[in-house]
Amino acid sequence: MKLSEIPVILQEIGVSPVKKLGQNFLHDQNLARWIVDQANLTAEDYVVEIGPGLGALTELILDKGARVLALEKDTRLANFLRARLSHRRLELRNVDALDFDVRDLYCEGRVKLIGNLPYNISSPLLTKFVDYPSPISLWLFTLQKEVAARISAAPSTHDYGALTLRVQLHHRVELLRTISPTVFIPQPEVASALVSISPRNPLELPACDDQLLISLVRSSFSQRRKQLAKTLGTHAIDWERAAARLGFDTKARAEELSLEQWIGLANEIAPMSTGAAQSFGQERFPVVDELDRILRYAYRVQVHGDNLRHRAVHMLIFNQAGEVYLQKRARWKDRHPLRWDSSAGGHVCAAEGYDEAARRELQEELGIEVPLEKVLKLPASLKTDQEFIWLNRANVQNQLKPNRNEIEVGGFFTPKIVDGWMAARPEDFTPACMECWRAAREKSAINPAA
Ligand code: SAM
């Protein structure tokens, strides 16, 4: 949209730009094209645009063949854009993007997020939409230059802080270019910058307890000038040894540690399992026949290596809202690492029954002890990795305590989202989880309304 057209349209639709809504409209069409080009869009993409305004980017995104969901808070702008860009691939919602449920996006294939964000709420928007785990594969944001500098900062710089580490823990951030206030109407008081954020390969960095890391970082950066040995003194760390092992000075301050060193520090305090401690080779399972009768016992490697029939349990845990907890399997698991799975589950070991195994797994993985209801039994097949599976369900009222050594990450999802997610991205799930879910749905064991 040309510079001269914007004031005319705004007047026509009765909008005088509201500072509180960050209403600065992009009029530089070359820049708009350049921004959209950075997303490498194709017809395969589902783009969520935050704050489409008068549609400077929206139109160009549609030109790339992508489907677009545009979230605009201002009703007058939403109505204008709906009329101006009526398009079968565009869904325009007159909503506050802060109220949008990001989990719905798991039901789409490849999701990219684009937005010239309203400045006054760019931090909450950023924190919400860049949360982990996420169905989004690319974030392309225009932000205040200062926020862009903070999230892309390197250690030992002024901009490096808690927000930097929080975003960079699971994402790579690239500052693409700075943007002058003159490309917007009205002109904002500050310069902007375009950043591209993409998910890290989960194996790029060692696993750690994210919550612990974030709380360490927060408390250390709140006293930025203090030496870490003092701010983190309450944690039982052999400081000399940790500093030598992780390669930082014993007198270092928060801003001097790289992300890798912060992860190392969190792991000094709460070491993570690498799977080695799981003594895979030592576990023995009952080997069963086609009627699930025990034939003998064998070590785990043999059971899996020879594809022998064996036993397992899966649990679906629902919260009071009827949402089911799904877990992403830990990275060290020998089968289906980093795939999404039922709430909890595992093998039935030698000398235990299905029910005992179910109770043990719930305790080990989610730290809970709740009455379980049997749902159904699945026969051993290729789809279940030759496991007979007893599926159980339970409702919980209290918080789960996911064991970070077993579970990479987890979350509650509505059954409707799980249905859509499995249809759109089956590769995200273990085959057994898909089988359990399908069978439970068929048996109407999951609230159909949820
Ligand atoms: N994308 C347009 C452009 O580049 O010209 C407009 C960008 S303008 C910086 C920000 C837009 O976000 C405005 O249209 C504003 O009404 C909208 N907005 C502000 N707060 C919002 C919110 N919470 N949810 C959705 N949209 C919002």
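Only heavy atoms go into these numbers, but all of them, side chains included; no hydrogens, no water, no symmetry mates. This chain uses plain numbering: 1 for the first residue, then up along the sequence. Remember, it's 1-based here, ligands and their atoms both numbered in the order they're listed.
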Would you say [X] contacts ligand 1, with heavy atoms under 4.0 Å as the rule?
{"X": "Ile50", "result": "no"}
{"X": "Leu54", "result": "no"}
{"X": "Val95", "result": "yes"}
{"X": "His27", "result": "no"}

Quick check: does Gly22 get an N/O under 3.5 Å from an N/O on ligand 1?
->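 It does not: no N or O of Gly22 is found under 3.5 Å from an N or O of ligand 1.
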
Judging by distance only, is a nitrogen or oxygen of Ala97 under 3.5 angstrom from one on ligand 1?
->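 Min N/O separation from ligand 1 is below 3.5 Å for Ala97.
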
May I ask you to identify, for Ile121, whether its side chain, its backbone, both or neither come under 4.0 Å of ligand 1 on a heavy-atom basis?
-> side chain

Of the backbone atoms (N, CA, C, O) and the side-chain heavy atoms from C-beta on, which set of Pro52 has a member under 4.0 Å from an atom of ligand 1: side chain, backbone, both, or neither?
-> backbone

Which atoms from ligand 1 have a heavy atom of Gln23 less than 4.0 Å away?
->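 Checking each atom against Gln23, I get 13 (C), 15 (C), 16 (O).
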
For Glu49, the ligand 1 atoms with a heavy-atom partner under 4.0 Å come out as 1 (N)

Within the side chain of Glu59, is there an N or O that forms a donor-acceptor pair under 3.5 Å with the backbone of Ala56?
-> no

Here's one to test your reading of the geometry: is the NZ or CZ of [X] within 45 degrees of the ring axis of [Y] and under 6.0 Å from its centre?
{"X": "Arg425", "Y": "Trp340", "result": "no"}
{"X": "Arg110", "Y": "Tyr46", "result": "no"}
{"X": "Lys112", "Y": "Trp139", "result": "no"}

In the protein, what heavy atom is nearest to [atom], and what distance, to one decimal place, separates them?
{"atom": "atom 27 (C) of ligand 1", "value": "Lys73 CB, 3.7 Å"}
{"atom": "atom 23 (N) of ligand 1", "value": "Asp96 OD1, 2.8 Å"}
{"atom": "atom 16 (O) of ligand 1", "value": "Glu72 OE2, 2.6 Å"}
{"atom": "atom 1 (N) of ligand 1", "value": "Gly51 O, 2.8 Å"}
{"atom": "atom 20 (N) of ligand 1", "value": "Pro118 CG, 3.5 Å"}
{"atom": "atom 4 (O) of ligand 1", "value": "Asn116 ND2, 2.6 Å"}

Would you please say whether a donor-acceptor pair under 3.5 Å links the side chains of Trp437 and Asp419?
-> yes

Parallel under 30°, tilted from 30 to 60°, perpendicular over 60°: which one fits the rings of Phe100 and Phe129?
->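 Parallel, since the angle between the ring planes stays under 30°.
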
